[in-house]
Amino acid sequence: MSKQVDEKNHKWRILLQFSETLVSGFRLREDDILKLIHTQARKLMDMENFYIALYDENTNIVRFGLAYVNGKRIDIKKDKGWQPRIAGKGKTEEIIRTKQPIFHATKAEAKGWHAQPGHEEYVGAIFPSWIGVPMVVGNKVIGVIATYHPKQEYLYSRDDLDILQSIASQAAIALDNANLYYNVNQKFERRVKALATLNDI
């Protein structure tokens, strides 16, 4: 029992460290935040197969910011299947639409989910261990963090689901702040250039 408590405390200490790093790194760029999510999350659970999908509500586009398959980082610009797409049918889109996580501990649970009314048309392989959680800011979903295993059952627990959701909640705020900060900066730089051009004229 003591060992389980120690392990849980260790995991929450890592989460606290993650939170402190995000706060201290106020000007972190999107790519830095995504890498930090993976670095910290893999200390807490199996992350051999993992992705972060980012969602733009205005365009209804889903794009992958970071992905690993069998421990190898995916080239999201070149590798097939990882390019931006219109939000369609899939677990990622289900999480975006419902703002709710999806968790399967076994293949039977995964098959049961796919067999439910409304889920029959959802595309993609059926993995025995799968967790996906939304990144939400206010009432807006800005992305999804998911991790899975193609063969092993019971790889993840409800504790892992809670941990990944906590990471997603903190990451969502950091990503939203990063986008606001760099968008403001870009607008400011464009205005400065425009004024400089007018000055020259």
Side-chain angles (χ1 to χ4, degrees), residues 2-56 62-77 79 82 91-92 94-96 99-105 127-138 140-182:
S2 178
K3 185 179 178 182
Q4 289 178 337
V5 171
D6 286 345
E7 188 177 334
K8 189 170 277 191
N9 287 339
H10 174 66
K11 287 183 176 182
W12 288 107
R13 278 196 296 271
I14 291 172
L15 273 179
L16 181 61
Q17 182 187 10
F18 173 69
S19 179
E20 288 171 350
T21 305
L22 284 179
V23 171
S24 63
F26 175 70
R27 295 182 182 179
L28 287 172
R29 291 182 179 273
E30 179 183 283
D31 192 49
D32 296 323
I33 296 168
L34 300 184
K35 287 176 185 173
L36 182 61
I37 293 168
H38 182 251
T39 300
Q40 296 292 20
R42 70 180 180 181
K43 294 177 184 177
L44 301 166
M45 64 188 77
D46 185 292
M47 283 280 168
E48 290 289 293
N49 298 282
F50 159 93
Y51 67 82
I52 300 174
L54 300 168
Y55 178 64
D56 186 329
V62 174
R63 66 182 174 88
F64 293 94
L66 184 67
Y68 282 80
V69 173
N70 297 324
K72 182 183 176 183
R73 184 169 177 175
I74 293 297
D75 186 334
I76 53 177
K77 292 182 180 178
D79 289 359
W82 296 97
K91 287 182 181 176
T92 300
E94 171 79 358
I95 293 166
I96 289 167
K99 301 182 177 70
Q100 295 297 317
I102 295 175
F103 171 61
H104 305 315
F127 297 124
S129 291
W130 204 93
I131 302 178
V133 295
M135 293 191 286
V136 183
V137 177
K140 181 175 69 173
V141 179
I142 65 167
V144 169
I145 303 175
T147 185
Y148 61 92
H149 197 282
K151 294 180 181 177
Q152 188 176 335
E153 295 190 329
Y154 297 110
L155 185 63
Y156 305 115
S157 67
R158 287 280 168 183
D159 282 346
D160 293 321
L161 172 61
D162 292 342
I163 286 169
L164 199 60
Q165 186 61 78
S166 180
I167 288 173
S169 299
Q170 296 175 61
I173 296 168
L175 285 167
D176 193 53
N177 287 340
N179 287 334
L180 285 172
Y181 177 79
Y182 286 104

Q) Is it the case that T92 and Y51 place a side-chain donor and acceptor less than 3.5 Å from each other? A) yes
Q: Check whether any side-chain heavy atom of V141 sits under 4.5 Å from a side-chain heavy atom of M135, and report yes or no.
A: no
Q. If you round to the nearest 0.5 Å, how far is CD1 of I173 from CG of D176?
A. 8.5 Å
Q) Can you find a heavy atom in the side chain of R29 that is under 4.5 Å from one in the side chain of I33? A) no
Q) Do any N or O atoms from the side chain of Q165 and from the backbone of G132 form a donor-acceptor pair under 3.5 angstrom? A) no
Q. Looking only at heavy atoms, which two atoms of A105 and S129 are closest? And how far apart?
A. O-OG, 3.8 Å
Q.
Looking at every non-hydrogen atom in both residues, tell me the closest pair between A171 and I37 and how far apart they are.
A. CB-CD1, 3.4 Å
Q: Go through the steps to decide whether L164 and M45 satisfy the test side-chain contact (heavy atoms from CB on, under 4.5 Å), and finish with yes or no.
A: CA-CA 9 Å; L164 199 60; M45 64 188 77; 4.3 Å; yes
Q. Below 4.5 Å, heavy atoms only, C-beta onward: do L175 and I142 meet side chain to side chain?
A. yes
(Q) If you count heavy atoms of other groups shown closer than 6.0 angstrom to NZ of K140, is the number above 12? (A) no
Q | Minimum-distance pair of heavy atoms, taken over all atoms of A53 and V62 | A | CB-CG1, 4.0 Å
(Q) Hydrogens and angles aside, do T147 and Y156 bring a side-chain donor and acceptor to less than 3.5 Å of each other? (A) yes
Q) Which class fits the ring pair Y68 and H38: parallel under 30°, tilted 30 to 60°, perpendicular over 60°? A) parallel
Q. Can you name the closest pair of heavy atoms from P128 and P150 and give their distance?
A. CD-O, 3.3 Å
Q: Step through it carefully: locate the ring centre of F127, locate the ring centre of H104, and say whether they are under 6.0 Å apart.
A: no
Q: Report yes if the side chains of I52 and R63 come closer than 4.5 Å at any heavy-atom pair, otherwise no.
A: no
Q: Among L155, V69, D46, find the one that has a side chain to side chain contact (heavy atoms under 4.5 Å, CB included) with Y148.
A: V69
Q) What heavy-atom pair brings I76 and G65 nearest, and what distance separates the two atoms? A) CD1-O, 3.5 Å
(Q) The criterion is side-chain contact (heavy atoms from CB on, under 4.5 Å); which residues satisfy it with L161, sequence neighbours excluded? (A) P101, F103, I131, V133, R158
Q: Quick one: pull up CD in Q40 and NZ in K35 and give me the separation to the nearest 0.5 Å.
A: 14.5 Å
Q. Can you list the residues that meet the salt bridge (charged side-chain N to carboxylate O under 4.0 Å, His left out) rule with D160, with sequence neighbours excluded?
A. K11
Q: Give, for atom CG of L66 and atom CD1 of I74, the distance between the pair rounded to the nearest 0.5 Å.
A: 10.0 Å
Q: For N70, enumerate each residue passing the side-chain contact (heavy atoms from CB on, under 4.5 Å) test, keeping only those at least two apart in sequence or located in another chain.
A: N49
Q: State, with a plain yes or no, whether a side-chain heavy atom of I145 is found less than 4.5 Å away from one of F50.
A: yes
Q. Are side-chain heavy atoms of F64 and V144 found at a separation under 4.5 Å?
A. no
**Q.** Any side-chain heavy-atom pair of E94 and I102 under 4.5 Å
**A.** yes
